[in-house]
Every structure is written in C-alpha cells, then in structure tokens.
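Start at 1 with the first residue, then count along the sequence.
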Amino acid sequence: MHSLISSFCLLALILTSNAAFANCDEQTKQELKSVKSAGWKVDDDGKRESLALSAADCLGLPDTELRDELAFEGLSAWMRSEKLNDATLTALRVKMLNAVQAPAAEESSFLRPFAILTLAELVRTDRKKPYLSAQERIDIVNAGSHYLINLRDYRGFDAKDGWRHGIAHSADLMLQLAVNPAIEKPQHETMLAAIASQIAPPTHFYQYGEGVRLMTAVFYLARTPSFNKRDWDLWFNKLMDNSIQPGPYTQARLAQRHNVSAFLLPLYFSVRESTDPAIKENLLPALREALRKVN
C-alpha cells in the first residue's frame with residue numbers, strides 16, 4: 001500500500017509540473033518575436049506580466065530560438081529593466097523552484113538548467129531592489145546548491161539543440177547569490193561546498209567555459225567577510241586532495257587535472273589582478289600551492 005501511495009504521489013507531482021509548463025504555444029512565440037523586435041517594450045503592464053509568465057512556460061522546450069533567444073532573453077530584459085511586478089516575480093520564483101526541485105524526468109530536459117538561470121536573474125533583481133524574504137533567499141540557496149551537487153548532465157552546447165549548460169548556469173546563480181548582501185555566512189558555506197563538488201568531475205572534460213564560470217562565483221565569495229585565510233587554505237587543500245591523485249594516468253585523472261586547471265588558472269589571474277589586498281592575502285598562497293600540485 002505504501003508503494004502504491006508513493007507512486008500515486010509521484011505521478012501527481014509529474015502531472016502538476018507538466019501542467020504548470022503547458023501554456024507555451026505558437027502564439028506565445030509570435031508575440032515574443034514581435035515584442036523582441038520592439039526592444040522588449042510592452043506599454044500594457046498587464047500584457048507584459050502575462051507574457052512573462054507564458055515565456056516561463058517555454059523554458060523547457062526543445063525549440064532553441066523560442067527557449068534561448070525569446071523566452072529567457074525576454075524574461076531577463078524585463079527583470080533587468082524592472083518591468084515585472086512583485087506578484088509576477090513571486091510566481092516566477094515559485095515556478096522555477098518547483099522545476100529545479102522536481103525529479104529529473106529525463107536527461108534530455110532543458111527545463112531545469114534554464115530554471116536555474118532564471119533564478120539567477122530573479123536573485124539579481126532582488127539585489128537591485130529587494131523583494132525576497134530571508135527564508136525565500138535561503139530556499140533558493142538550498143535548492144540551487146542541491147541541484148548543483150547532484151547534477152550529472154554535463155552537456156553544454158549542441159548545434160541542433162542549443163544550450164543546456166547546467167553547471168555554468170548553476171555557477172551564475174551562485175555568483176548572483178554571492179554578490180547579494182542579504183545572503184549570510186551559513187549560505188555562503190553551503191554554496192562554496194556545492195561549487196567545490198563540481199570543479200573537477202572525473203567523468204567529463206569541461207569545454208564550454210565552465211571553469212571560468214565556477215571560478216567567478218568563488219572569486220566573489222572570497223570578497224565577502226565569511227572566509228579568512230585559514231578557511232581558504234583548508235578549502236584548497238581539500239579541493240586538491242580530491243582532484244589530484246597519485247598513480248598512473250587514467251581518463252578520470254586526466255579529466256580532473258584538466259578541470260581543476262581550468263578553474264585555478266583564471267582564479268589565480270583574477271586574484272593577482274584584484275585591487276583588494278585582503279583577497280590577495282587570503283587566496284594567493286593557497287592558489288600557488290594548488291597550482292604546483294597540478295604541474
């Protein structure tokens with residue numbers, strides 16, 4: 001009986017999720033095209049809010065133009081120009097969180113990586129003009145961190161299908177959270193642990209700039225007062241212990257070396273070029289030691 005109830009609940013969740021993203025059609029696409037050609041200008045506030053919610057329903061579809069160049073681009077443009085009201089922002093947040101937290105129905109899904117990217121824009125909007133509660137921010141941190149830790153779909157770009165890029169999109173969310181002054185140390189620690197879990201996976205060679213995107217999130221976390229030099233020394237030591245292992249070369253070990261290098265080198269450059277002496281003091285010694293272990 002328990003198994004039957006669990007199966008029924010899972011089916012209800014899937015049906016609810018599908019229904020929540022069932023309002024994108026050809027008319028939505030044509031409306032978004034028209035609005036994009038007008039520079040995303042919509043004089044009717046109600047129409048803009050409604051179209052934004054319809055655009056969110058397009059984020060999981062395989063149509064590259066509709067998903068990337070119309071739906072997400074439109075949502076980003078409206079959020080960055082403060083054209084969406086709090087009710088619409090709240091509806092988008094709930095919809096994106098539900099998508100991120102729902103079981104991955106299939107590996108080919110586009111919805112979760114684009115929901116994560118949309119959450120990054122929602123967090124950016126909150127930084128510019130706060131509208132989230134403290135608990136709502138924590139919920140986003142936890143959902144984004146859980147998604148990043150458990151992500152195993154490392155696909156980036158495909159000429160036919162376009163972008164998935166779940167790792168990079170997750171890093172973008174971590175970046176926006178890192179620069180949000182309302183996020184506190186416990187959340188910074190959760191985020192940093194999530195980022196560390198994907199810096200050097202042994203199952204895939206990063207090739208679409210993932211290392212730089214992960215690095216940028218870490219760099220901005222380093223600008224917060226949450227971590228001192230000792231924290232960073234311990235963090236880098238643990239990262240390298242998990243990434244550089246002795247013994248003969250294997251594909252897994254080569255992948256880890258490649259991936260950790262793609263993270264460390266741009267981070268070293270960014271820290272060296274930083275005008276913040278605290279960042280240099282806290283990170284440079286550990287970074288130099290980490291780079292020596294790679295070579």
Side-chain angles (χ1 to χ4, degrees), residues 16-17 20-21 23-24 28 32 35-36 39-60 67 70-102 111-148 168-192 194-195 213 216-217 220-221 223-226:
T16 301
S17 176
F21 286 86
N23 297 319
C24 181
T28 303
L32 287 169
V35 173
K36 181 177 181 177
W40 299 111
K41 183 178 179 181
V42 182
D43 293 328
D44 185 324
D45 291 344
K47 180 179 179 181
R48 185 191 317 110
E49 309 293 342
S50 176
L51 188 55
L53 294 175
S54 295
D57 292 340
C58 303
L59 295 175
R67 183 185 67 248
L70 296 174
F72 175 75
E73 190 176 323
L75 288 169
S76 177
W78 288 325
M79 281 188 269
R80 291 189 176 223
S81 57
E82 299 182 3
K83 295 297 185 182
L84 300 181
N85 62 32
D86 286 358
T88 299
L89 294 173
T90 296
L92 288 171
R93 174 181 58 81
V94 171
K95 184 170 288 196
M96 297 303 107
L97 278 175
N98 285 341
V100 168
Q101 294 173 319
L111 178 55
R112 298 209 303 168
F114 276 87
I116 280 286
L117 191 59
T118 304
L119 281 173
E121 290 295 320
L122 288 163
V123 171
R124 181 187 184 277
T125 301
D126 176 63
R127 173 168 58 88
K128 295 292 186 178
K129 187 179 179 181
Y131 67 96
L132 295 171
S133 70
Q135 186 58 53
E136 287 167 348
R137 295 186 187 99
I138 291 172
D139 290 343
I140 293 174
V141 169
N142 291 340
S145 297
H146 183 268
Y147 172 80
L148 180 55
H169 291 179
S170 298
D172 293 347
L173 173 59
M174 296 297 124
L175 166 62
Q176 291 299 334
L177 290 165
V179 297
N180 191 317
I183 304 297
E184 299 180 345
K185 181 175 180 178
Q187 287 71 57
H188 290 158
E189 292 173 338
T190 297
M191 293 154 55
L192 190 59
I195 294 168
R213 302 276 272 275
T216 305
Y220 280 95
L221 280 170
R223 297 181 62 176
T224 73
S226 293

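Applying the side-chain hydrogen bond (donor to acceptor under 3.5 Å, both in side chains) criterion to Glu121, with sequence neighbours excluded, gives Ser76, Arg80. In this structure, Asp86 has no side-chain hydrogen bond (donor to acceptor under 3.5 Å, both in side chains) partners at least two apart in sequence or on a different chain. For Ser226, the side-chain hydrogen bond (donor to acceptor under 3.5 Å, both in side chains) partners two or more places apart in sequence, or in a different chain, are His188. Partners of Ser145 according to the side chain to side chain contact (heavy atoms under 4.5 Å, CB included) rule, which considers only residues two or more places apart in sequence or in another chain, are Val141, Met174, Thr190, Met191, Ala194. Not counting sequence neighbours, Glu184 has no partner by the side-chain hydrogen bond (donor to acceptor under 3.5 Å, both in side chains) test.
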Quiz prompt | side chain to side chain contact (heavy atoms under 4.5 Å, CB included) evaluation trace for Leu75 with Leu59 | solution = CA-CA 10 Å; Leu75 288 169; Leu59 295 175; 4.1 Å; yes
Self-check item: Test log, rule side chain to side chain contact (heavy atoms under 4.5 Å, CB included), inputs Val35 and Lys41
Solution: CA-CA 6 Å; Val35 173; Lys41 183 178 179 181; over 6 Å; no
Quiz prompt | CA sep, side-chain torsions, deciding dist, call: Asp43, Arg48, salt bridge (Lys or Arg N to Asp or Glu O under 4.0 Å) | solution = CA-CA 8 Å; Asp43 293 328; Arg48 185 191 317 110; over 6 Å; no
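With respect to Asp57 and Lys95, a salt bridge is recorded, a charged nitrogen being found less than 4.0 Å from a carboxylate O. Ion pair Lys128/Glu82 not flagged as a salt bridge, since none of the NZ, NE, NH1 or NH2 atoms sits closer than 4.0 Å to an Asp/Glu carboxylate oxygen.
Residue pairs satisfying the ring pair (Phe, Tyr, Trp, His ring centres under 6.0 Å) criterion with at least one member in residues 70-99, sequence neighbours excluded, are listed as follows: Trp40-Trp78.
When the shell of 6.0 Å around NZ of Lys83 is examined, it contains 12 or fewer heavy atoms from other residues, nucleotides or ligands.
Side chains of Thr28 and Cys58 form a contact here, defined as non-hydrogen atoms less than 4.5 Å apart. Taking 4.5 Å as the limit, some side-chain heavy atom of Tyr147 sits within range of a side-chain heavy atom of Pro113.
Of the possible donor and acceptor atoms, one in the side chain of Arg137 sits under 3.5 Å from a partner among the backbone N and O of Leu132. Proximity of a side-chain donor or acceptor of Arg124 to a complementary backbone N or O of Leu173 within less than 3.5 Å is not detected.
Taking CG from Leu51 and OG1 from Thr88, the interatomic distance works out to 11.0 Å, rounded to the nearest 0.5 Å. To the nearest 0.5 Å, atoms CG (Leu111) and CE (Met96) are separated by 6.5 Å. Here Leu97 contributes atom CG and Thr118 contributes atom OG1; the two are 11.0 Å apart, rounded to the nearest 0.5 Å. In this structure, NE2 in His169 is found 13.0 Å from CG in Leu148, a value given to the nearest 0.5 Å. Interatomic distance, OG of Ser50 versus CG of Asn23, reported as 9.0 Å (0.5 Å rounding). The CG atom of Leu177 sits 11.5 Å away from atom CD1 of Ile138, with the distance rounded to the nearest 0.5 Å.
Closest of all the heavy-atom pairs between Leu92 and Ala52 is CD2-O, 4.2 Å. Nearest heavy-atom pair, Tyr220 versus Leu175, reported as atom, atom and distance to 0.1 Å: CD1-CD1, 3.3 Å. The two atoms that bring Val100 and Ala143 nearest to each other are CG1-O, 3.9 Å, heavy atoms only. The minimum heavy-atom distance between Ala71 and Ala55, with the atom names listed, is CB-O, 3.3 Å.
Between the side chains of Gln176 and Asp172, not a single donor N or O lies within less than 3.5 Å of an accepting N or O.
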